[in-house]
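These numbers come from a predicted model, not from an experiment.
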Amino acid sequence: MTPGSAVWELLLPISLLGVANAFVWSPLSTTATRNLPMHHAGAGAAVYNTTRLVGSVLGSASMAVVMQARLTAELTGVLHAAPSRAAAGQLPAGLHEGFSPAMGQPLLLPAAVLILGFLAVSFFARPRHLSLGTEAVVPVATGAG
């Protein structure tokens, strides 16, 4: 993000994220609950939704903390100046150079969490190997006879 960024440069990746979310959440909820027995389906869905909501709250709070820290770091000298009431609702021109990076840098937090999650899954998750020949054989009814 820069002060001269066009609106379409921001709307394009935001739109892409919106479309990607539509393709992520439904398969994820199905995957999280697909192997549960029917008598545990309600509890499993509740645990999934609770975990998802707690994660989104913690993610939003983390983004807000990073955003506040970056605003404080980028605008320290400028914030102590007397506020102008002439342009209410608009960011004064003197704040543009510090405000843009301060609002753009927190967007790196989800990317860092994604990379850490990928590394954790890659190195610490143990794959399940199927051992051929140990599965139970279930006879198939043919219907003839």
Engineer: Only pairs at least two apart or in different chains count here, so list each salt bridge (charged side-chain N to carboxylate O under 4.0 Å, His left out) that has a residue in residues 10-20.
Structural biologist: none

Engineer: Where is the tightest heavy-atom contact between Ser29 and Thr33, given as atom of each residue plus distance?
Structural biologist: O-OG1, 2.9 Å

Engineer: Mind checking side chain to side chain donor-acceptor pair (under 3.5 Å) for Asn21 and listing every partner two or more places apart, or none if nothing turns up?
Structural biologist: Trp25

Engineer: Atom CG in Leu114, atom CG in Leu108: separation rounded to 0.5 Å?
Structural biologist: 12.5 Å

Engineer: Does the side chain of Asn49 reach to within under 4.5 Å of the side chain of Arg52, using non-hydrogen atoms?
Structural biologist: yes

Engineer: Quick one: closest heavy-atom pair of Pro101 and Pro106, and the distance?
Structural biologist: O-CD, 4.4 Å

Engineer: About how many Å separate OG1 of Thr31 and OH of Tyr48, when rounded to the nearest 0.5 Å?
Structural biologist: 9.0 Å

Engineer: Could I get the full list of side-chain contact (heavy atoms from CB on, under 4.5 Å) partners for Val47, not counting sequence neighbours?
Structural biologist: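 In terms of side-chain contact (heavy atoms from CB on, under 4.5 Å), with neighbours along the sequence ignored, Val47 is linked to Thr51.
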
Engineer: Which of these, Val57, Val113, Leu109, sits in a side-chain contact (heavy atoms from CB on, under 4.5 Å) with Ser62?
Structural biologist: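 Result: among Val57, Val113, Leu109, Leu109 is the only option passing the side-chain contact (heavy atoms from CB on, under 4.5 Å) with Ser62.
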
Engineer: If you round to the nearest 0.5 Å, how far is CZ of Phe99 from CG of Leu71?
Structural biologist: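 With rounding to 0.5 Å, CG (Leu71) is 6.0 Å from CZ (Phe99).
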
Engineer: For the pair Val54 and Leu58, evaluate side-chain contact (heavy atoms from CB on, under 4.5 Å) and give the outcome as yes or no after the intermediate values.
Structural biologist: CA-CA 6 Å; Val54 168; Leu58 290 176; 4.0 Å; yes

Engineer: Any non-hydrogen side-chain atom of Met63 less than 4.5 Å from a side-chain atom of Leu107?
Structural biologist: yes

Engineer: Do Leu119 and Phe124 have side-chain heavy atoms sitting under 4.5 Å apart?
Structural biologist: no

Engineer: Quick one: does Glu74's side chain get under 4.5 Å of Gln105's, heavy atoms only?
Structural biologist: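 With C-beta onward as the side chain, the pair touches.
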
Engineer: Would you say Leu17 ends up clustered with Trp8 if hydrophobic residues are merged whenever their side chains have heavy atoms under 4.5 Å apart, either directly or through other cluster members?
Structural biologist: no

